[in-house]
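We name chains A, B, ... by the order of the sequence lines, and we start the count at 1 in each one. This structure is a prediction, so every number in the text was calculated from the model and none was measured.
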Number of protein chains: 2
Amino acid sequence: MPCDFLPAQRALLDATEHLIYTGGIHATGVDAIVRKSGIARKTLYRHYPTKEALVEAALRRRDDRWMAWFIAATSGYTDPRARLLSCFDALREWFASDGFHGCAFLNAAGEIGPATHPIRAVSRLHKRRLFEYVCTLTRETGLAQPDEIAEEFLVLIDGAISLALVFGDTHGADAAARSAQRLLRHIPVSS
Amino acid sequence: MPCDFLPAQRALLDATEHLIYTGGIHATGVDAIVRKSGIARKTLYRHYPTKEALVEAALRRRDDRWMAWFIAATSGYTDPRARLLSCFDALREWFASDGFHGCAFLNAAGEIGPATHPIRAVSRLHKRRLFEYVCTLTRETGLAQPDEIAEEFLVLIDGAISLALVFGDTHGADAAARSAQRLLRHIPVSS
DNA sequence: CTCCCCATAGAACGATCGTTCTCGCACTGC
DNA sequence: GCAGTGCGAGAACGATCGTTCTATGGGGAG
């Protein structure tokens with residue numbers, strides 16, 4: 001993992017990520033990507049053999065950046081339980097931000113049919129990375145069975161994101177936070 | 001609300017629902033709908049002014065049928081708490097069924113950009129209907145603040161569906177069921 | 001300066017998109 | 001028999017899809 005991107009790649013990935021996030025993968029044409037990025041079509045196809053590869057690269061980079069944002073946004077508390085609960089504050093902020101349109105990886109998985117498609121693999125990778133990070137948070141709390149608790153948190157996180165997409169508000173994050181608080185209140189600490 | 005559909009409409013809605021559920025809205029062309037349904041293009045455009053209207057009608061009917069299935073699948077227990085928990089048994093069964101591809105309404109909302117689009121309204125309607133039904137279940141339990149609990153259940157349900165879509169397994173339903181059991185164990189009954 | 005490579009702009013390719021039109025066949029009421 | 005109508009099959013429309021090609025114009029190495 002060395003590597004920054006060339007400026008042309010950066011512009012392409014920025015434009016692609018934004019367009020497919022706000023408008024969907026199939027609905028965004030190469031024309032729109034070229035127009036928004038200011039990069040020539042020929043250059044696009046020099047860096048990426050196909051639109052699909054460009055979309056996949058854009059999603060991989062979004063994965064990196066989203067995870068970095070989420071980790072940064074949930075590192076403000078030293079108390080492990082407060083840090084775990086701050087996940088939902090971060091989500092609330094995200095839901096209320098301009099241009100929020102759900103989880104790009106859930107959207108991609110829902111839009112693309114076959115489960116063997118490379119883009120579906122990016123979605124799985126993202127959720128697995130998120131799960132691993134939540135595992136580190138739950139393990140720090142000293143609760144019993146931290147990985148199973150992390151699974152429950154993953155359900156709460158993705159449920160909150162989905163409801164925020166559909167309803168356009170933050171009530172899902174509030175409900176998820178209530179569930180999480182109850183979870184922390186009633187789970188025994190390990191041995 | 002009289003009305004069954006004419007046979008041509010039924011065939012069109014069946015084909016459209018199946019195609020857009022498994023392949024996405026934008027990825028399914030009118031050609032494929034015509035081919036699968038065995039209905040002539042001209043007939044299609046007599047019943048529905050545009051592909052978008054046909055998709056919307058197919059989603060509305062899927063809403064009706066999915067809700068009917070979900071209600072039927074969660075009516076086997078007389079004990080209100082067992083009935084509430086049976087939601088996740090129904091989901092588990094759904095996740096393991098052939099052709100499962102997440103929630104059609106979450107997928108549609110994720111694929112379609114503008115929140116004012118008519119199809120987005122169908123997604124909101126579906127989740128609101130699901131919420132209302134879960135409310136009836138939570139109210140029967142006699143728990144305090146049943147509507148807030150129903151919100152939490154909605155988060156658990158949609159989170160489980162999203163994880164089932166991404167990972168292709170039923171662990172999300174298991175985790176959601178654990179959260180739900182803890183919820184029922186630790187919430188006080190109203191007054 | 002010349003040669004070469006990369007970049008942009010944009011035309012052009014075949015394919016497919018959503019939509020409309022034409023045709024032919026089967027059926028109905030008179 | 002015969003005009004009228006509904007439907008299936010499919011051609012055809014312009015537009016747009018993803019992709020490739022040509023033409024043009026710097027910028028660095030020799």
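Less than 4.0 Å separates DNA chain D from at least one heavy atom of each of the following residues of residues 33-44 of chain A: A:Arg41, A:Lys42. For DNA chain D, the residues of residues 18-31 of chain A within the heavy-atom distance limit of 4.0 Å (strictly under) are A:Thr28, A:Gly29, A:Val30, sorted by number.
Scanning for side chain to side chain contact (heavy atoms under 4.5 Å, CB included) contacts around A:Ala180 gives A:Leu85, A:Phe88, A:Phe153, A:Leu156, with sequence neighbours left out.
A salt bridge links A:Arg65 to A:Asp14: at least one charged side-chain nitrogen sits closer than 4.0 Å to a carboxylate oxygen. Between A:Arg92 and A:Asp89 there is a salt bridge, since a side-chain N of the basic residue sits under 4.0 Å from a carboxylate O of the acidic one.
In plain terms, the two heavy atoms of A:Leu59 and A:Ala104 that are nearest each other are CD2-CB, 4.3 Å. The two atoms that bring B:Ile161 and B:Phe100 nearest to each other are O-CZ, 4.1 Å, heavy atoms only.
Phosphate proximity of C:dC6 to A:Arg46: absent, as no side-chain N or O sits under 4.0 Å from OP1 or OP2. Between D:dT19 and A:Thr50, a contact under 4.0 Å exists linking OP1 or OP2 to a side-chain N or O.
In this structure, a donor-acceptor pair under 3.5 Å is present between the side chains of B:Ser162 and A:Ser162.
Between B:Tyr45 atom OH and C:dG18 atom P there is a gap of 7 Å when expressed in whole angstrom units. Residue A:Leu12 contributes atom CG, which lies 10 Å from atom P of C:dA7 at whole-angstrom precision.
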Start with the C-alpha distance between A:Arg185 and B:His186, add both sets of side-chain angles, then the distance that settles side chain to side chain contact (heavy atoms under 4.5 Å, CB included), and finish with yes or no.
CA-CA 10 Å; A:Arg185 213 177 302 128; B:His186 294 289; over 6 Å; no

Worked check of salt bridge (Lys or Arg N to Asp or Glu O under 4.0 Å) between B:Asp63 and B:Arg60
CA-CA 5 Å; B:Asp63 175 25; B:Arg60 296 200 116 94; over 6 Å; no

